[in-house]
Amino acid sequence: MRIHRVYCKSLAEPNNIFNIDEPQSKHLIKALRLKEDDLVEVFDGNGRSAKCKIIQITKKNCQLKRIHKLSSAVIPKRLLTAVIPFIKKNNFNFMIQKLTEIGVNKFIIYKPDFVDQSIAKKDLRSIIAKTFDIIISVCKQCGNNFLPEIIESKNLKDALALINKDHNIYFFDTDAAEYFIQDELDKSSSIAFITGPESGFSEAELELMNKSKIKKRYLGKNILRSETAAIYISTLIKNHFGKI
């Protein structure tokens, strides 16, 4: 019988009895209809997981007891960072979901110069909050015990400064001259890729990346949607990593 997974950052604390937060509790109680003495697998988002027993249920909360030793997943040696723009809300949520499933390790989210007018005046922090919920849901389903890191930046310039120095960096645009070829990647480095919004990069953003000597690559003659481009690129790179 399949054991359901649930996220709780308190899993690894010394006390083996702990409460999970209200949204996770409601999912176990109302959606999965689990009861006291049922078993669940709990992960903390930092690679650790353990089997736990539900020992108490209230209307809004579940209390669990860790009954097995903690197991720790291996930290990936090669990381994939996606530097992606805020786009239309539904498209953005879809992109985050699929990139998490594929195995992106870090999201750096920036507000592009050509931001879509549907979100231009909105509080983008609410979109980020929803992003975290989506990532938890995906990691529960796919068995990944590491939650991808999410960092918000005001613009592309700030986003570039947040990329780890040991990453090879690429950006993808429709007017690039060179195709992206996996053979140009070495066998050990981590990768960061940058994509733009539906309207493309602004001249200022292109100049910034060119001055930073970021490699510019072309994906093909088909013009891809913003979310599709990011999904396609991450799939190519993860395949090179030997993960797909």
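In this structure, Lys140 and Ile136 have side chains that are in contact, with non-hydrogen atoms separated by less than 4.5 Å. For the pair Thr81/Ser190, no side-chain contact is recorded, criterion being any heavy-atom separation below 4.5 Å from C-beta on. Looking only at side-chain heavy atoms (C-beta outward), Cys139 and Asn145 stay at 4.5 Å or farther from each other. Residues Lys216 and Met209 form no side-chain contact, since every pair of their non-hydrogen atoms from C-beta on lies 4.5 Å or further apart. In this structure, the side chains of Gln97 and Glu101 come closer than 4.5 Å at one or more pairs of heavy atoms. Considering only heavy atoms from C-beta on, Lys238 comes within 4.5 Å of Leu80 through its side chain. Side-chain contact check for Phe171 versus Phe201: some heavy-atom pair is nearer than 4.5 Å. The closest side-chain heavy-atom distance from Thr58 to Asn61 is below 4.5 Å.
No side-chain donor-acceptor contact under 3.5 Å links Glu41 to the backbone of Ala50. For the pair Gln24 (side chain) and Asp21 (backbone), a donor-acceptor distance under 3.5 Å is absent. A donor-acceptor pair is defined here as one N or O able to donate and one able to accept, closer than 3.5 Å; no such pair exists between the side chain of Ser137 and the backbone of Asp133. In this structure, the side chain of Asn164 does not engage the main chain of Asp166 through any donor-acceptor pair within 3.5 Å. A donor-acceptor pair is defined here as one N or O able to donate and one able to accept, closer than 3.5 Å; such a pair exists between the side chain of Ser234 and the backbone of Ala230.
Of all the heavy atoms in Arg125 and Glu152, the pair that sits closest is CG-OE1, 4.1 Å. Residues Asn91 and Glu198 approach most closely at ND2-OE2, 4.5 Å, considering heavy atoms. In this structure, Leu156 and Leu208 approach most closely via the heavy-atom pair C-CD2, 4.1 Å. Scanning all heavy atoms of the two residues, the minimum distance from Pro85 to Ile109 falls at C-CG2, 4.5 Å. Heavy atoms only, all atoms of each residue included: Pro14 and Arg66 are closest at O-NH2, 4.2 Å. Pairing each heavy atom of Ile150 with each of Ile128, the nearest pair is CG2-CD1, 4.3 Å.
Within 6.0 Å of atom CZ in Phe18, more than 12 heavy atoms from other residues, nucleotides or ligands are found, so the atom counts as buried in its surroundings. Atom NZ of Lys53 sits in a sparse spot, with 12 or fewer heavy atoms from other residues, nucleotides or ligands closer than 6.0 Å. Surrounding NZ of Lys88 are at most 12 heavy atoms belonging to other residues, nucleotides or ligands under 6.0 Å away.
Note that CG of Leu39 and NE2 of His68 are 7.5 Å apart. Values are rounded to the nearest 0.5 Å. Interatomic distance, Ile20 CD1 to His27 NE2, rounded to the nearest 0.5 Å: 9.5 Å. To the nearest 0.5 Å, the span separating CD1 on Ile191 from CD1 on Ile163 amounts to 11.5 Å. In this structure, Asp38 CG and Ile55 CD1 are separated by 13.5 Å, a value rounded to the nearest 0.5 Å. Taking NZ from Lys215 and OH from Tyr170, the interatomic distance works out to 4.0 Å, rounded to the nearest 0.5 Å. The CD atom of Gln56 sits 10.0 Å away from atom CD1 of Ile17, with the distance rounded to the nearest 0.5 Å.
By the criterion of side-chain heavy atoms lying less than 4.5 angstrom apart, applied directly or through intervening Ile, Leu, Val, Met, Phe, Trp or Tyr residues, Val115 is not grouped with Ile194; the two fall into different hydrophobic clusters. By the rule that hydrophobic residues join a cluster once side-chain heavy atoms approach within less than 4.5 Å of another member, Ile57 and Leu32 end up as members of one cluster. Under a hydrophobic clustering in which Ile, Leu, Val, Met, Phe, Trp and Tyr are joined whenever their side-chain heavy atoms come within less than 4.5 Å, directly or via other members, Leu99 and Phe92 fall into the same cluster. Under a hydrophobic-cluster definition in which Ile, Leu, Val, Met, Phe, Trp and Tyr are linked whenever side-chain heavy atoms come within less than 4.5 Å, directly or via other members, Phe94 and Leu124 are assigned to the same cluster. Under the 4.5 Å side-chain contact rule for hydrophobic residues, Phe132 and Ile127 share a cluster.
Both tests pass for Arg5 against the ring of Phe43: distance under 6.0 Å to the centre and angle within 45° of the axis.
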- [ ] Check the pair Asp173 / Tyr218 against side chain to side chain contact (heavy atoms under 4.5 Å, CB included), numbers first and verdict last.
- [x] CA-CA 6 Å; Asp173 199 26; Tyr218 179 60; over 6 Å; no

Open item on the list: Please evaluate residues Lys26 and Glu22 with respect to the criterion side chain to side chain contact (heavy atoms under 4.5 Å, CB included), reporting the C-alpha separation (whole Å), side-chain torsions for both, the decisive distance (0.1 Å), and the verdict.
Closed with: CA-CA 6 Å; Lys26 284 185 175 180; Glu22 187 173 331; 3.2 Å; yes

- [ ] Go through the steps for Lys106 and Ile151 under the test side chain to side chain contact (heavy atoms under 4.5 Å, CB included), then give the verdict.
- [x] CA-CA 8 Å; Lys106 183 177 182 178; Ile151 304 177; 3.4 Å; yes

TODO: Let me see the working for Ile237 and Phe193 under side chain to side chain contact (heavy atoms under 4.5 Å, CB included), right down to the final yes or no.
DONE: CA-CA 9 Å; Ile237 297 172; Phe193 69 86; 4.0 Å; yes

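Taking the six-membered ring where the residue is Trp, Phe180 and Phe172 present perpendicular rings, their angle passing 60° and hence far from 30°.
In this structure, a donor-acceptor pair under 3.5 Å is absent between the side chains of Asp158 and Ser153. Side-chain atoms of His167 and Ser189 form no donor-acceptor pair, as typed in the model, at a separation below 3.5 Å.
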